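All remarks here apply to the structure that follows.
First listed ligand is number 1; within each ligand, the first listed atom is number 1. The figures here come from the full heavy-atom set of this structure, side chains too, leaving out hydrogens, waters and symmetry mates. Predicted model only: the values in this text are computed from it and were never measured.
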Amino acid sequence: MEHLIGFYPMWYVPSVGSATVIAIIATIHVLASHTSVGASILLAYLATKAHRENQPQIYDYIKKYLLALLVFSYVSGSITGPGIWFSATVANPRGISALIHNFVWVWAAEWIWFVAEVTLVYILYYTLGRIDQKSWLRLAWTFAIGSWATMYIIVGILSFMLSPGHEKWFTTGNILDAFYNKNYFPHLFMRSAYMFAIAGTIGLVIASLMKKDISEKVYKDIVKTMSYWGIGGVILGSVFFGWYFSTLPERSIAMLTSIVPTWYYALIFALLLLVLAHFVLTAISPRFVKVHTAYPVYLLIFFLGIYPEEKIRETIRKPYIAGEFVWVNQVIAKDVPAKGIKSEVPTIQQAGFLAVNPFVPEGLKRITPENEIMAGKAIAILQCSGCHNVTGNSGLRPFAKKFEGMTDKNAVYNFLANYLTPENHPPYMPYFVGKDEELRALSAYVADLVSKGGRVSARIEVPAQNQARIDGR
Ligand code: HEC
């Protein structure tokens, strides 16, 4: 009892895992947010051009684009933004806690910028043509700055999740050391460049929908602007990607070359070429701008670009969820002297993984022959399910496949006892923490699972004998 650690209840999503739930919400959010941040700058630029060259029709286009942003990006973006943090909080409360303890004011600042951004998009839409152009332009640039500021801030938190970037933060605990970590700027610039390709693609869709309402000259002008910014975005984004890559921690590079499937890169590369080719064609001649080409390209960006990119970012962060000290399975595995945080590994090794978790039923905390398999299942869910489907044979890296053919618990034990150790564990996986009898229970569960064809119920039940012992019967 004296060794309880502040773990939270576990959110176990059978088959695909909670990580996939977050990934789906996050991908929608990235599409919406990058469209709107990119568009905010593109539109401010276009408005300046309209004002200078006295081309009022460009404002009609801007108004349509703003409406599209309001109806699509802002609705889906505002739902999925908090959705990411809600789902991430239930999936990984201690990871989010680590972030909050560093970045609470940074988050607050982001929220302020976001409120400014949302307020301004409404103001811009409803005041266009009703107030003088100069004032409207000033608002448009404020909107652009505010939108980009939200990205400026959130990228600091995202890159810290991958790595604090330098050892210094562990001893200073300084918020700026955490925020301006080694891959902050390449990450920020990479997103800032690619967002123009995303916003430019949807800009072409809107242009072609309005073709009949504006003069040919203005139409060509808009198409050229979208295409040039798009081309610049793809090329610069790829240059910044190279820079980003060079700032990744060693373990991430190891994972990029070992466990990220090659076809992910193939997809992303093919997509970049496609988006670039599309912009080059539309830059050469506006004839090539078609809703039924530009819109599919936009959707492909979602499926072939953003989704694999988000998955890769998740993968190369392993085995940590945040700051290179909290593992995906919630265990704090490294000291952070500046924050008074101590690794929990020694306590868990000594007291037992099941014993320290307040949400493990009493009847599973002491392992007996009757509860061994059930206790093993609890360990698998708590310690492995962040990255594996531990009760089914499909979905997220199912145990059934990783332990294929291993129906003997001693064989599983011998394998894990040599593999998931502090010395031998692979860079993408934490080593096992717990007592030896707990590793035996996990092995018994795995062998039982595999011998049952890889699928069992995800329920955790305390066997009657163990319950009786607790109740003192
Ligand atoms: C941080 C994520 C993560 C956690 C937590 C995790 N694993 Fe893994 N595991 C992986 C990845 C990634 C792979 C291999 C790549 C793939 O096939 O996708 C893997 C592969 C494996 C393999 C196959 C051997 C190999 O290295 O390819 C076994 C066995 C395995 N895991 C067991 C476990 C057990 C048991 C636990 C819990 C004690 C666990 N894993 C926890 C990420 C994780």
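Within a 6.0 Å sphere centred on CZ of Arg251, other residues, nucleotides and ligands contribute more than 12 heavy atoms. With a 6.0 Å radius and a threshold of 12 heavy atoms from other residues, nucleotides or ligands, Lys409 has its NZ atom at or below the threshold.
Of all protein heavy atoms, the one closest to atom 20 (C) of ligand 1 is Met429 CE, 3.5 Å. Annotation: atom 27 (O) of ligand 1 to nearest protein heavy atom, Tyr428 OH, 3.4 Å. Given atom 28 (C) of ligand 1, the protein heavy atom at minimum distance is Lys402 CB, 3.9 Å. Of all protein heavy atoms, the one lying nearest to atom 37 (C) of ligand 1 is Cys384 SG, 1.8 Å. Shortest contact from atom 18 (O) of ligand 1 to any protein heavy atom: Arg397 NE, 2.8 Å. Nearest protein heavy-atom contact of atom 29 (C) of ligand 1 is Phe403 CZ, 3.4 Å. From the protein, the heavy atom lying nearest to atom 2 (C) of ligand 1 is Cys387 SG, 1.9 Å.
In this structure, the side chains of Trp169 and Asn181 stay at 4.5 Å or more apart for every pair of heavy atoms. Here the side chains of Tyr413 and Asp436 are in contact, with some heavy-atom distance below 4.5 Å.
Every heavy atom of Trp327 sits 4.0 Å or more from the atoms of ligand 1. Ligand 1 lies within reach of Pro430, whose nearest heavy atom is under 4.0 Å from it. At least one heavy atom of Phe399 sits less than 4.0 Å from an atom of ligand 1.
Close approach of ligand 1 to Ile259 (heavy-atom distance below 4.0 Å) involves ligand atoms 12 (C), 15 (C). When each atom of ligand 1 is checked for a heavy atom of Val328 under 4.0 Å away, the hits are 1 (C). Near Gln383, with a cut-off below 4.0 Å to any heavy atom, the atoms of ligand 1 are 5 (C), 37 (C). Those atoms of ligand 1 with a heavy atom of Tyr419 less than 4.0 angstrom away are 24 (C), 25 (C), 26 (O).
By the 6.0 Å and 45° rule, Lys311 does not stack over the aromatic ring of Tyr264.
If you look at Phe160 and Tyr184, their ring centroids are not closer than 6.0 Å.
Taking all heavy atoms of Glu314, His388, Glu404 into account, the minimum distance to atom 31 (N) of ligand 1 is reached by His388.
Checked against side-chain hydrogen bond (donor to acceptor under 3.5 Å, both in side chains), Tyr194 has the following partners two or more places apart in sequence or in another chain: Ser238.
Side chains of Trp148 and Ser40: no donor on one and acceptor on the other come within 3.5 Å. In summary, the side chains of Ser258 and Tyr428 do not present any donor paired with an acceptor at a separation below 3.5 Å, with no hydrogens or angles considered.
Using bins of under 30°, 30° to 60° and over 60° for the plane-to-plane angle, the ring pair Tyr74/Phe143 lands in the tilted bin.
Heavy atoms of Leu420 found under 4.0 angstrom from ligand 1 belong exclusively to the side chain.
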